[in-house]
Each structure stands twice: as structure tokens, then as C-alpha cells.
Amino acid sequence: MIRSVSHQPTRAWNHAHQKRHRRGWILITTIIIATVLFAALGDFSSVPWLTLTGAVLQTTVRLVFAYLIALSVGVAIALLVGWSPFTDALFPVFDILQNVPSFALIPFFIYFLGYTDRMIILFAVSSVLWPILFAVLAAIRNAHADLNDAATIFGARGIRRIPFYLMPLSLPAVLTGSIVGIAIGWESIIGAEIITNAAGFGSFIKDASATGVNQSAVAGMLVILLIVFTINRLVWAPLMTESAKRYAE
Amino acid sequence: MQSDPARPAVVLSRVNARFADQKRNALALKDVSLSIPAGSFVSVVGPSGAGKSTLMRVVLGLMRPESGTIVRNFSKPAMVFQNYALFPWLTALDNVAFGLRMQGVPRQERVRIALEKLREVGLESIARHYPAALSGGQRQRVGLARALAISPDLLIMDEPFSNLDTITAEALRTDLLKIWRSYGMTILMVNHLIPDAVELSDSIILMGAHPGRIVNSFDIGLPRPRDPRSPQFFREVDRITGLIRGISQT
């Protein structure tokens with residue numbers, strides 16, 4: 001962001017970007033057409049669409065809650081640690097913590113919280129948190145020394161350093177951390193649903209695939225793919241484009 | 001603008017500073033003593049590793065020296081960076097207004113001042129642009145305007161021209177002298193080109209490397225305004241270059 005050579009979005013950059021954008025949409029359209037085609041050919045006649053929709057909604061709602069909690073906690077911790085003089089000391093600690101496989105901890109979550117919605121959400125928080133926290137902390141740690149000095153010299157000192165310098169500085173990292181975090185979040189929630197049999201997409205495909213790959217399982221996977229790609233295209237892709245433009249070097 | 005040796009802006013006496021990170025731990029400044037007269041324009045010249053940037057950071061209080069005393073007779077320091085160090089998330093205008101915002105100046109007032117400073121460096125038209133859309137020269141002008149906006153009494157510049165092409169750098173040097181004349185602040189500039197230092201400064205501090213230390217300092221004996229194409233100018237550049245060469249050979 002503070003390199004000598006100005007790098008403006010060139011025609012080549014725009015071209016590559018648009019190509020990627022087009023590919024994304026082609027993928028989604030393909031999935032939709034495939035789903036419709038399967039349905040039209042009668043392959044999905046035995047799929048309980050209402051149950052599937054309900055299950056997907058439940059899983060999605062859990063993910064949204066888990067993401068929002070992980071986002072606020074992760075960003076808050078990362079900003080405070082990055083602001084404090086202990087960043088370098090605490091970084092290895094977080095590094096070890098993030099390496100703990102979250103599913104190894106699920107018995108604890110079940111023990112303390114039971115087979116509840118709250119358990120699944122908090123369990124997911126424990127895995128979504130790390131990529132966000134790390135992305136923000138790394139962005140703060142890797143900020144150019146000159147930029148840090150500029151912020152200090154021009155008055156972003158003390159607690160004001162957080163809202164006026166550290167927060168805007170780490171915005172692109174919040175974005176990339178969120179994308180990774182949400183991907184992990186789907187895994188954790190669906191995994192937790194499979195393990196605990198709580199109503200949701202996880203238990204839906206578990207039940208559906210109990211008798212091998214069948215129509216419901218395939219329909220379920222297509223629906224999840226569709227949701228993931230739609231969120232990516234409608235939410236993350238535009239935000240990433242904006243961030244790349246704004247924070248370009 | 002009249003420099004007054006009796007009223008120094010910065011005095012360093014026997015300052016030692018250590019540069020330490022994961023990769024190395026070295027004495028960056030050894031026994032550095034200097035006095036910068038208020039209102040003067042002083043250039044710091046030396047090879048890389050001579051602790052020039054460390055000296056700037058110590059003067060500004062961004063880095064704590066290991067030993068020695070520092071007297072700071074300035075209250076509003078500002079800095080211009082080699083890599084511009086503009087905040088990429090802010091427009092040129094908001095970058096310039098950043099210091100005022102931190103001082104609690106109301107929005108209307110700080111926008112007025114920031115626009116005025118942008119006009120001073122000839123960039124009023126790009127006020128709403130983000131740094132990514134600006135050229136190197138424009139970015140450095142925004143960096144200069146950001147520094148001027150807080151009406152600094154000490155302006156520190158760390159190789160401000162080294163990333164710019166010669167024509168842009170020359171234009172910026174001319175503007176800088178104009179600004180220095182009208183503001184009258186003290187300017188401490190790290191420079192790596194002797195002719196630049198001779199054109200701009202009242203005096204030159206020469207630093208040596210490993211460990212970073214002050215080797216010598218010279219006054220520039222040329223009246224202002226200086227013509228960088230005059231024989232006198234070339235003679236002065238030769239004289240200083242000769243002095244530096246003499247020192248680095250011993």
C-alpha cells in the first residue's frame with residue numbers, strides 16, 4: 001500500500017477480474033440448471049424438499065450467529081492484542097491454540113452445554129474465530145513500519161489508535177479471514193449436527209445417505225453448493241473487489 | 001527562517017541507540033551528539049546502515065535511546081516518508097486532514113485547512129482520490145501537505161525524493177524551499193544525493209556506518225537562492241564530495 005510504483009487497476013487487471021467474475025456466474029448457473037434438470041427428469045421425485053429447506057435454514061441461521069459472534073470476538077481480541085505491546089509474545093500462543101483440532105474439543109462443549117443449539121453455535125465459534133483473529137493480527141503485525149510511524153506522529157496514539165488506525169488498516173484482513181472462517185464454519189456446524197443428530201443439514205444428509213448415495217443426499221449437496229456460491233458472488237466477491245481497489249498498492 | 005544557533009530545536013548529546021529485532025541486534029547510533037538550530041535546514045548524508053533513519057526516529061521519540069540525553073525544543077513535529085506512508089483507506093483530503101482530526105479540529109475547519117494545503121502543493125483537483133490512484137510524485141505531495149496541515153515546527157523528511165523521477169523531484173525541491181521560506185520551520189532531511197543536500201541545506205551532517213555515528217558536519221557556504229547550475233554550486237558540491245571522500249578513505 002505504500003510502495004513506490006503506483007499500481008492502478010489496468011485493463012489487463014480488469015479483464016482478468018471480469019473473467020473470474022464470469023466464471024463464478026457460469027458455475028452457479030450450471031448448478032441451478034443441473035438441479036432443475038434432475039428435478040424435471042424426475043430424479044428428485046422422492047426428495048422431501050420442505051424438510052431439506054428447513055434443515056438448510058437451521059444450519060444457515062446457526063452459521064450466521066456463529067459468524068457474528070466469532071467476528072466480534074475475533075476482531076476485538078486481535079485489535080486489543082495488536083494494539084498492546086505484547087503482540088509478538090502472544091502470537092505463538094494463538095498459533096498453538098489455532099492448531100488444536102476443534103472436533104477434539106466437542107465432548108467438552110457437549111458436556112457443558114448439552115445437545116443444544118447454543119452448543120453447536122459456540123462450538124462453531126471456536127473454529128471460525130481463529131482465521132479471523134489471525135488475519136487481523138497478521139495484518140497489524142505486517143503493517144509497514146512507516147505507516148505505523150505516520151499514525152503515531154500524526155496523533156493516532158493511545159486508545160484512539162484502534163478506531164483511527166488499526167481498524168481501517170485491518171479491514172481487508174477481516175474480509176479474507178471471514179471467507180476462510182465461514183468455510184470452516186459450515187464444516188463445524190454440519191459436522192456437529194452429524195455428531196449430535198441435532199436437526200439441521202448435517203443430520204439431514206446423514207439420514208439421507210444412511211442407505212448409500214440417494215436423491216436426497218445429492219439434492220442436499222447441490223443446495224449447499226448453491227448457497228455457498230451465491231453468498232460468495234453476492235457478498236464476498238463485490239467486497240473483495242472494493243477492498244482490492246481501495247487498498248491497492 | 002533565520003536560523004539561530006543559540007536557540008536549537010533539537011540537541012542530542014552522546015546518544016546511543018540499539019536496533020533490535022528478530023534478525024539482528026546492532027548498535028544503530030554510537031555516541032551521537034548534534035545540535036540543530038531552530039529554523040535551519042539540515043541534511044543528513046551517509047551510506048546505508050549509518051543509522052540515518054534511526055536518528056530521525058530517536059529525535060521524534062518513536063524510539064527510545066539506550067543512553068544519552070535529548071532536548072526537544074519543538075512541540076509539533078511532522079514527518080514525510082520515503083515510501084509516502086499515506087493511509088490507503090483515506091482520500092488525499094482525509095489523509096491531509098488526519099493530523100487535524102486527531103487534534104479534534106471540527107470537520108468543516110479541517111477540510112478547509114486540508115484543501116488549502118493541497119492547493120499549496122498543487123493538488124487541489126485530486127482531493128477526493130485515494131492514494132492508489134495517484135502517481136509517486138502526487139503521493140509525496142500529499143505526504144507533504146499532510147505534514148504541513150498540522151503547522152509543524154519541525155519537519156523531518158526521510159529521503160523524500162529517492163522514489164521520484166528527477167523532474168518530479170526537482171519540482172518538489174523548489175516547492176519545498178518555497179514552503180520552508182514561508183513557514184520558517186526547522187527541517188531535518190535524510191538525503192543521499194550530495195547536490196540535493198547542497199542545494200537545499202544550511203548544513204550537512206555526514207554519518208558513517210557500523211556502528212552508525214556522526215563523522216563530520218559542514219556548513220554550506222552558498223548564498224540563497226542557489227542556482228544548481230552555477231560554477232559556484234558545482235565548486236561547493238566538489239568541495240563537500242571531496243571532504244566526504246577524504247573521510248571515508250581514512
Side-chain angles (χ1 to χ4, degrees), chain A residues 1-10 13-14 17 79 85 87-89 91-92 95 136 139-175 239-249, chain B residues 19-22 53-54 56-57 59-63 76-91 94-105 129-140 142-143 146-147 149-150 152 154-156 158-159 161-165:
Chain A
M1 68 197 71
I2 44 176
R3 240 176 241 169
S4 55
V5 186
S6 115
H7 177 81
Q8 295 181 28
T10 55
W13 186 87
N14 275 326
H17 179 75
L79 286 176
T87 320
D88 289 334
F91 203 78
D95 209 11
V136 173
I140 293 172
R141 242 166 69 112
N142 297 337
H144 201 291
D146 283 352
L147 207 61
N148 277 329
D149 286 349
T152 311
I153 291 165
F154 292 105
R157 289 184 284 261
I159 195 78
R160 274 198 304 186
R161 197 172 179 79
I162 294 180
F164 291 109
Y165 175 60
L166 297 178
M167 225 143 88
L169 172 78
S170 50
L171 218 59
V174 171
L175 214 56
L239 283 174
M240 287 291 280
T241 311
E242 190 54 35
S243 143
K245 227 190 302 173
R246 180 74 55 86
Y247 286 73
E249 303 198 352
Chain B
F19 183 88
D21 66 9
Q22 286 128 330
S53 296
T54 307
M56 302 300 135
R57 303 190 77 233
V59 166
L60 284 168
L62 293 169
M63 190 174 157
K76 280 189 276 180
M79 185 161 175
V80 173
F81 298 83
Q82 181 181 5
N83 295 319
Y84 324 123
L86 300 177
F87 303 116
W89 54 88
L90 296 178
T91 60
D94 289 337
N95 261 290
V96 176
F98 186 84
L100 298 168
R101 189 175 182 199
M102 292 298 106
Q103 289 172 11
V105 176
H129 286 44
Y130 286 92
L134 304 180
S135 72
Q138 289 173 324
R139 288 185 205 192
Q140 197 53 293
V142 174
R146 174 175 67 177
I150 60 170
L154 173 68
L155 179 59
I156 290 200
D158 193 354
E159 300 205 24
F161 307 127
S162 60
N163 277 340
L164 306 177
D165 63 81

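Each chain gets a letter, A, B and so on, in the order the sequences are listed, and its residues count up from 1.
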### Message
What part of B:R146 gets within 4.5 angstrom of chain A, counting heavy atoms only: side chain, backbone, both, or neither?
### Response
both

### Query
Is there side-chain contact between B:P131 and B:V142, with at least one heavy-atom pair below 4.5 Å?
no

### Query
So, B:T91 side chain and B:D94 main chain: donor-acceptor pair closer than 3.5 Å or not?
yes

### Summary
Taking every heavy atom of A:R157 against every heavy atom of A:T152, the minimum-distance pair comes out as NH1-O, 2.6 Å

### Task
Ignoring hydrogens and angles, tell me if any N or O in the side chain of A:S243 forms a donor-acceptor pair with the backbone of A:L239 under 3.5 Å.
no

### Message
Quick check on the interface: out of B:R101, B:Q82, B:Q103, who has the most heavy-atom pairs with chain A under 4.5 Å?
### Response
B:R101

### Message
Does any backbone or side-chain atom of A:R246 lie under 4.5 Å from a heavy atom of chain B? Answer side chain, backbone, both or neither.
### Response
both

### salt bridge (charged side-chain N to carboxylate O under 4.0 Å, His left out) involving A:R161 - partner list, sequence neighbours excluded
none

#### Entry: Which atoms of B:F98 approach chain A - backbone, side chain, both or neither, heavy atom under 4.5 Å
both

### Message
Heavy-atom pairs under 4.5 Å with chain B - which of A:F154, A:F164, A:Y165 has more of them than the others?
### Response
A:F154

#### Entry: chain A contact via B:A149 - side chain, backbone, both or neither, heavy atoms under 4.5 Å
neither

